[in-house]
K.L.:
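There's a structure below that I have some questions on.
The sequence lines fix the lettering, A, B, ..., with proteins before strands; numbering per chain opens at 1.
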Amino acid sequence: MRVATWNINNVIRRLDLLCSWLERTRPDVVALQELKTPTQDFPLQRLQALGYGCLAVGQRTWNGVALLARGHEPLPVATSLPGDAQDKEARYVEAAINGVLFACLYLPNGNPQPGPKFDYKLRWFERLRQRAQALWESGQPVVLMGDWNVVPTDADIYKPDTWRDDALLQPQPREAFAAILSQGWTDALQDARPKDRFFTFWDYRRKRWERNAGLRIDHILVGRSFKVENVGVDREERGRDNASDHAPVWAELRPTRSKRTPLAAKRTNEPDGPVPAKRRAPAAKSAPRSAPKSEERPEPLSHYNAKRDFTK
DNA sequence: ATGCCGAGCATCGCTCGA
């Protein structure tokens with residue numbers, strides 16, 4: 001299963017680029033952020049024509065998130081992040097797709113800091129931490145992906161000192177990101193290719209793309225039901241005319257366990273954390289990089305996901 | 001400290017993003 005996240009920076013303006021990328025790379029599930037369009041203006045028909053079911057949560061001018069699923073209609077689970085009924089910004093959507101729970105998130109940027117926007121970022125991050133904890137404990141197959149607006153370490157930016165006062169590098173959001181990872185999630189890019197340095201965002205200003213002055217702020221976090229087989233950043237998308245300032249981040253995931261294992265894990269009270277190697281499925285060293293066959297995917301859990309409201 | 005780019009809109013100048 002190939003999953004991807006892309007801050008598209010206006011889905012209407014970027015629609016031709018998005019469709020071209022979908023046709024070339026054929027991801028199974030895509031998380032989009034910064035749609036910058038009301039839900040009713042989301043380009044549903046163009047994406048459906050490419051075989052994608054869509055769940056969009058839009059908003060005029062700013063924000064907006066969507067989940068796209070090739071050959072499936074995403075089953076809505078949540079259209080906002082629990083924990084603050086006053087928060088009206090379209091930054092979170094969750095759906096069950098072919099038996100896997102996907103969250104698409106657009107974390108507040110937080111600049112300038114300190115200030116009310118940074119406070120909002122920290123509160124939002126804490127709500128996300130609690131949500132991620134609940135999803136981890138559900139035992140379901142889960143993938144969290146989006147624009148997290150956090151540079152996890154100084155190795156994830158071209159020159160940290162020029163950004164030292166920026167909200168993306170502050171200790172508090174970095175600690176919040178680390179706290180979510182410590183629940184047991186795998187940071188797909190970091191885990192699969194720890195020696196490589198990836199950037200996912202290059203500011204339009206100061207020729208930062210031309211200078212490869214980038215940041216890694218778009219992340220795919222994978223639950224214990226999957227092994228990360230391959231990852232990448234489609235950098236060429238950032239270099240195109242009329243491009244978003246972010247590039248797509250993708251990961252190839254392979255189920256690690258049988259369809260019953262999440263429930264078995266709950267019965268045995270397995271503690272949170274990485275799954276011991278002996279309990280993983282055998283490493284698929286010779287496995288092809290293409291998407292797994294349908295019979296290798298987890299059993300659909302729609303009967304479970306569709307009826308359970310995770311927002312309560 | 002500022003504008004640098006790209007975009008929206010209470011549009012020809014401001015705000016926002018990151």
K.L.:
A:W21 and A:W6: aromatic ring centres closer than 6.0 Å?
P.N.:
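Between A:W21 and A:W6, the centre distance is under 6.0 Å.
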
K.L.:
Could you tell me whether A:N63 contacts a base, only the sugar-phosphate backbone, or nothing, with contacts defined as non-hydrogen atoms closer than 4.0 Å?
P.N.:
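The answer is nothing, as A:N63 stays clear of every strand by at least 4.0 Å.
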
K.L.:
Testing the basics here: between A:Q113 and A:D166, what is the closest heavy-atom pair and its distance to 0.1 Å?
P.N.:
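Minimum heavy-atom separation between A:Q113 and A:D166: CG-C, 4.4 Å.
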
K.L.:
Ion pair present between A:R129 and A:E126, side-chain N to carboxylate O less than 4.0 angstrom?
P.N.:
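Salt bridge present between A:R129 and A:E126.
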
K.L.:
Taking the six-membered ring of A:F198 as reference, does the cationic atom of A:R216 (NZ for Lys, CZ for Arg) lie under 6.0 Å from its centre and within 45° of its axis?
P.N.:
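No, A:R216 does not lie over the aromatic ring of A:F198.
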
K.L.:
Without decimals, in angstroms, what is the distance between A:H219 NE2 and B:dA18 C1'?
P.N.:
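Those two atoms, NE2 and C1', are 13 Å apart.
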
K.L.:
Quick one: label A:N9 by what it contacts on the DNA or RNA (base, sugar-phosphate, nothing), any heavy atom closer than 4.0 Å.
P.N.:
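Answer is nothing: A:N9 stays at 4.0 Å or more from every strand.
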
K.L.:
Partner of B:dA1 by Watson-Crick or G-U wobble geometry, both contacts under 3.5 Å, or none?
P.N.:
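Partner of B:dA1: none.
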
K.L.:
I need the CD1-P distance between A:I12 and B:dC9, as an integer number of Å.
P.N.:
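Value for this atom pair: 12 Å.
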
K.L.:
Kindly give the atom pairs (protein nitrogen or oxygen, nucleotide nitrogen or oxygen) under 3.5 Å for nucleotides 10-15 of chain B.
P.N.:
{"from": "B:dA10", "atom 1": "OP1", "to": "A:R60", "atom 2": "NH2", "distance (Å)": "3.4"}

K.L.:
Kindly indicate whether the side chain of A:R13 and the base of B:dG8 share any N or O donor-acceptor pair separated by less than 3.5 Å?
P.N.:
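For A:R13, whose side chain was compared with the base of B:dG8, there is no donor-acceptor pair (under 3.5 Å).
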
K.L.:
Please verify the inter-ring angle class for A:W163 with A:Y158; under 30° counts as parallel, over 60° as perpendicular, anything in between as tilted.
P.N.:
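A:W163 and A:Y158: perpendicular rings.
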
K.L.:
What's the CZ-C1' distance between A:R211 and B:dC5, to the nearest Å?
P.N.:
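Between C1' of B:dC5 and CZ of A:R211: 13 Å.
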
K.L.:
Under 4.0 Å between a side-chain N or O of A:T61 and OP1 or OP2 of B:dC16?
P.N.:
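No.
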
K.L.:
Looking at B:dA7, I'd like to know if its phosphate oxygens (OP1 or OP2) sit under 4.0 Å from a side-chain N or O belonging to A:R14.
P.N.:
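Checking B:dA7 against A:R14, a side-chain N or O does come within under 4.0 Å of OP1 or OP2.
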
K.L.:
Roughly, in whole Å, what's the span from CD1 in A:I8 to P in B:dG8?
P.N.:
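Result: 14 Å.
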
K.L.:
Under 4.0 Å from OP1 or OP2 of B:dG6: is there any side-chain N or O of A:N10 that close?
P.N.:
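So the side-chain polar atoms of A:N10 never come under 4.0 Å of the phosphate oxygens OP1 or OP2 of B:dG6.
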
K.L.:
For B:dG6 and B:dT11, measure between their P atoms and round to the nearest Å.
P.N.:
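To the nearest whole Å, 23 Å.
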
K.L.:
Could you tell me the separation between the CZ atom of A:R91 and the P atom of B:dC16, rounded to a whole number of Å?
P.N.:
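Atom-to-atom, A:R91 to B:dC16, this comes out as 13 Å.
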
K.L.:
What I want to find out is whether A:R240 reaches A:E237 closely enough, with some N-O distance under 4.0 Å, to be called a salt bridge.
P.N.:
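Answer for the salt bridge query: yes.
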
K.L.:
Whole Å only: how far is the NZ atom of A:K121 from the C1' atom of B:dC16?
P.N.:
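Roughly 15 Å, once rounded to whole Å.
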
K.L.:
Supply the atom-to-atom distance A:D28 CG to A:I97 CD1, rounded to the nearest 0.5 angstrom.
P.N.:
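Spacing of CG (A:D28) from CD1 (A:I97) equals 10.0 Å.
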
K.L.:
Taking the six-membered ring of A:W136 as reference, does the NZ or CZ atom of A:R224 fall below 6.0 Å from its centre and within a 45° cone about the axis?
P.N.:
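Verdict for A:W136: a cation-pi partner in A:R224.
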
K.L.:
By the 4.0 Å heavy-atom rule, please label A:N242 as base, sugar-phosphate, or nothing.
P.N.:
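It contacts sugar-phosphate atoms only.
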
K.L.:
Taking the same atom, P, in B:dC14 and in B:dC4, what whole-Å distance lies between them?
P.N.:
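Those two atoms are separated by 13 Å.
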
K.L.:
Could you tell me how far apart A:D203 (CG) and B:dA18 (P) are, to the nearest whole angstrom?
P.N.:
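Atom-to-atom, A:D203 to B:dA18, this comes out as 10 Å.
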
K.L.:
Anti or syn, where syn is a glycosidic angle within 90° of 0; which label fits B:dA7?
P.N.:
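Anti conformation here, the glycosidic angle of B:dA7 being more than 90° from 0.
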
K.L.:
Expressed in whole Å, how much space separates the C1' atoms belonging to B:dA10 and B:dC16?
P.N.:
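Straight-line distance between the two C1' atoms is 15 Å.
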
K.L.:
Can you check the A:D241 CG to B:dA7 P distance for me, whole Å?
P.N.:
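So the CG-P distance, A:D241 to B:dA7, works out to 11 Å.
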
K.L.:
What's A:N149 touching, base or sugar-phosphate or nothing? Going by heavy atoms closer than 4.0 Å.
P.N.:
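Here A:N149 touches the backbone only, sparing every base.
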
K.L.:
Please check the phosphate of B:dA18 (OP1 and OP2 only) for any side-chain N or O of A:Y106 closer than 4.0 Å.
P.N.:
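Looking at the OP1 and OP2 atoms of B:dA18, one of them is under 4.0 Å from a side-chain N or O of A:Y106.
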
K.L.:
On DNA chain B, does the nearest nucleotide to A:R205 precede the nearest nucleotide to A:D166 from the 5' side, or the other way round? Give the residue.
P.N.:
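Its nucleotide being nearer the 5' end, the pick is A:R205.
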
K.L.:
Mind checking who B:dA10 pairs with, Watson-Crick or G-U wobble, both distances under 3.5 Å?
P.N.:
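Pair assignment: B:dA10 / none.
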
K.L.:
5'-most contact on DNA chain B: A:A243 or A:R208, nearest heavy atom basis?
P.N.:
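Here A:R208 is the residue nearer the 5' end.
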
K.L.:
Taking the same atom, C1', in B:dA18 and in B:dC5, what whole-Å distance lies between them?
P.N.:
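It comes out at 12 Å once rounded to the nearest Å.
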
K.L.:
Less than 6.0 angstrom separating the ring centers of A:F177 and A:H219, yes or no?
P.N.:
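When the ring centroids of A:F177 and A:H219 are compared, they turn out to be within the sub-6.0 Å range.
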
